[in-house]
Amino acid sequence: MYWLLLTTVVIFIDCTSVKGGCSGCSDTCQMYNELKAEIDDLKAARIPVAFYAYLSADLAISSVSTHSIIKYDVVDLNLGNGYDASSGHFTAPSDGLYVIHITTGARDSSHAVVELISNGVIKDITWADSMNHPDRTVATTVTPLDLRKGDKVNARIGPAKGGAVLESTTHIRCSFSGFKVQ
């Protein structure tokens with residue numbers, strides 16, 4: 001790392017000392033830009049990544065269609081700025097092993113399959129099911145994923161759903177969270 005930083009500084013000094021800036025040393029500037037990008041990637045890999053978001057209120061099951069992304073609107077933690085509440089997507093800010101967690105609650109004869117999606121592929125499935133009984137149920141997933149920088153992960157409504165609500169109140173909190181292990 002020290003060598004890489006020192007080389008970058010030397011190339012930068014060499015490149016900026018040429019009359020006319022980078023136009024006189026395009027190979028050197030290209031090398032500088034590549035090394036700078038490598039340093040930026042190394043710095044990004046060291047930044048802790050963790051997010052925790054949840055629904056601020058019950059989600060009416062009739063208001064969501066099959067395969068619609070769940071947008072957890074309260075962002076309680078977003079280290080690394082990977083979670084976007086407006087889209088419902090977590091975007092991996094760096095390569096690594098991540099653990100993603102979804103909790104879903106259903107109430108009073110309601111049910112829904114919730115799928116964990118990574119880059120368009122189903123990685124895990126859970127079913128919160130109080131379909132034939134007037135009570136609460138909670139379903140959860142904990143899924144390790146090997147993600148590359150820019151990979152997208154989200155939770156979406158699966159093919160089976162019905163009843164009134166997915167509950168997110170003082171009794172159950174529908175949430176989406178994750179963290180980078182390494």
Side-chain angles (χ1 to χ4, degrees), residues 41 43-133 135-182:
D41 286 346
K43 282 195 251 180
R46 294 178 53 180
I47 296 172
V49 178
F51 72 98
Y52 172 68
Y54 61 92
L55 294 177
S56 60
D58 290 348
L59 179 62
I61 293 175
S62 63
S63 72
V64 293
S65 60
T66 299
H67 297 151
S68 63
I69 295 173
I70 302 171
K71 297 175 184 173
Y72 300 86
D73 59 323
V74 178
V75 181
D76 193 63
L77 176 70
N78 200 9
L79 298 176
N81 295 315
Y83 181 70
D84 177 17
S86 65
S87 69
H89 287 283
F90 168 73
T91 304
S94 57
D95 296 356
L97 176 62
Y98 290 79
V99 176
I100 307 296
H101 180 252
I102 297 171
T103 296
T104 306
R107 181 184 74 224
D108 296 337
S109 303
S110 299
H111 68 99
V113 168
V114 175
E115 301 169 329
L116 175 65
I117 307 298
S118 177
N119 296 323
V121 177
I122 297 171
K123 294 296 185 174
D124 208 344
I125 301 170
T126 189
W127 186 20
D129 174 21
S130 67
M131 186 171 9
N132 295 322
H133 32 91
D135 61 0
R136 292 182 167 90
T137 188
V138 176
T140 189
T141 64
V142 177
T143 312
L145 295 174
D146 183 20
L147 300 177
R148 303 283 67 102
K149 180 179 180 179
D151 284 353
K152 295 196 178 303
V153 180
N154 61 273
R156 75 178 186 191
I157 299 295
K161 65 182 184 72
V165 297
L166 294 183
E167 184 176 14
S168 198
T169 64
T170 57
H171 302 291
I172 298 172
R173 187 171 274 175
C174 289
S175 64
F176 182 42
S177 60
F179 59 92
K180 182 178 176 182
V181 176
Q182 61 176 9

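Because only heavy atoms are used, hydrogens play no part in the values below, and waters and symmetry mates are left out as well, while side chains stay in.
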Q.
Just to verify, which of Phe179, Phe176, Tyr98, Tyr83 counts as forming a ring-ring contact (aromatic ring centres under 6.0 Å, His included) with Phe90?
A. Tyr98

Q: Check Val114 against Ala155 and note the closest heavy-atom contact, atom names and distance.
A: CG1-CB, 4.2 Å

Q.
Please check this pair: side chain of Lys180 against backbone of Gly80, looking for a donor-acceptor N/O pair closer than 3.5 Å.
A. no

Q) Quick one: CD1 on Ile117 to CD1 on Ile122, what's the gap to the nearest 0.5 Å? A) 4.5 Å

Q) Minimum heavy-atom separation for Tyr52 to Ser175, with atom names? A) CE1-CB, 3.6 Å

Q.
Between Arg107 and Ile172, is the side chain to side chain contact (heavy atoms under 4.5 Å, CB included) condition met? List the steps.
A. CA-CA 9 Å; Arg107 181 184 74 224; Ile172 298 172; 5.9 Å; no

Q. Is there a side-chain contact between Leu55 and Ile70 (heavy atoms, below 4.5 Å)?
A. yes

Q. Got Thr140 and His101 here, is their nearest side-chain heavy-atom distance under 4.5 Å?
A. yes

Q | Value rounded to 0.5 Å, distance of CG in Leu59 from CD in Glu167 | A | 12.0 Å

Q. Roughly how far, to the nearest 0.5 Å, is the CD1 atom of Ile100 from the OG1 atom of Thr141?
A. 9.0 Å

**Q.** Worked verdict on Thr143 versus Ile102 for side chain to side chain contact (heavy atoms under 4.5 Å, CB included)
**A.** CA-CA 9 Å; Thr143 312; Ile102 297 171; over 6 Å; no

Q. How long is the span from the CG atom in Asn154 to the NE2 atom in His89, to the nearest 0.5 Å?
A. 5.0 Å

Q.
Go through it in stages, so that I can follow the logic: the residues are Asp124 and Thr126, the test is side chain to side chain contact (heavy atoms under 4.5 Å, CB included), and I'd like the CA-CA distance, side-chain angles, deciding distance and then a yes or no.
A. CA-CA 7 Å; Asp124 208 344; Thr126 189; over 6 Å; no

Q) Is Thr91 close to Asp84 at the side-chain level, that is, under 4.5 Å between some pair of heavy atoms? A) no

Q.
For a quick test of reading the model, state the closest non-hydrogen atom pair linking Ser118 to Lys123 and the distance between them.
A. CB-CG, 3.6 Å

Q. CG of Asp58 to OG of Ser110: how many Å apart, nearest 0.5 Å?
A. 9.0 Å

**Q.** Closest approach of Ala128 to Gly105 (non-hydrogen atoms, all atoms of both residues)
**A.** CB-C, 4.4 Å

Q: Please check if the side chain of Ser130 supplies one atom and the backbone of Thr137 the other of a donor-acceptor pair under 3.5 Å.
A: no

Q) Can you tell me if Asn119 uses its side chain to pair, donor with acceptor, with the backbone of Lys152 under 3.5 Å? A) yes

Q | Approximate separation, where rounding is to 0.5 Å, of His133 NE2 and Met131 CE | A | 8.0 Å

Q.
Could you check whether any side-chain N or O of Asp146 sits under 3.5 Å from a backbone N or O of Leu97, counting only pairs where one atom can act as donor and the other as acceptor?
A. no

(Q) Please give me the minimum heavy-atom distance between Val75 and Ala85, naming the atom from each residue. (A) CG2-CB, 3.8 Å

Q) Under 3.5 Å, side chain of Asp95 to main-chain N/O of Lys149, donor-acceptor pair present? A) yes

(Q) Leu166 vs Thr104, test: side chain to side chain contact (heavy atoms under 4.5 Å, CB included). Steps then yes/no. (A) CA-CA 7 Å; Leu166 294 183; Thr104 306; 3.9 Å; yes

Q) Taking the side chain from Asp73 and the backbone from Ser56, do they hold a donor-acceptor pair closer than 3.5 Å? A) yes

Q. Can you name the closest pair of heavy atoms from Ala160 and His111 and give their distance?
A. C-CE1, 4.0 Å

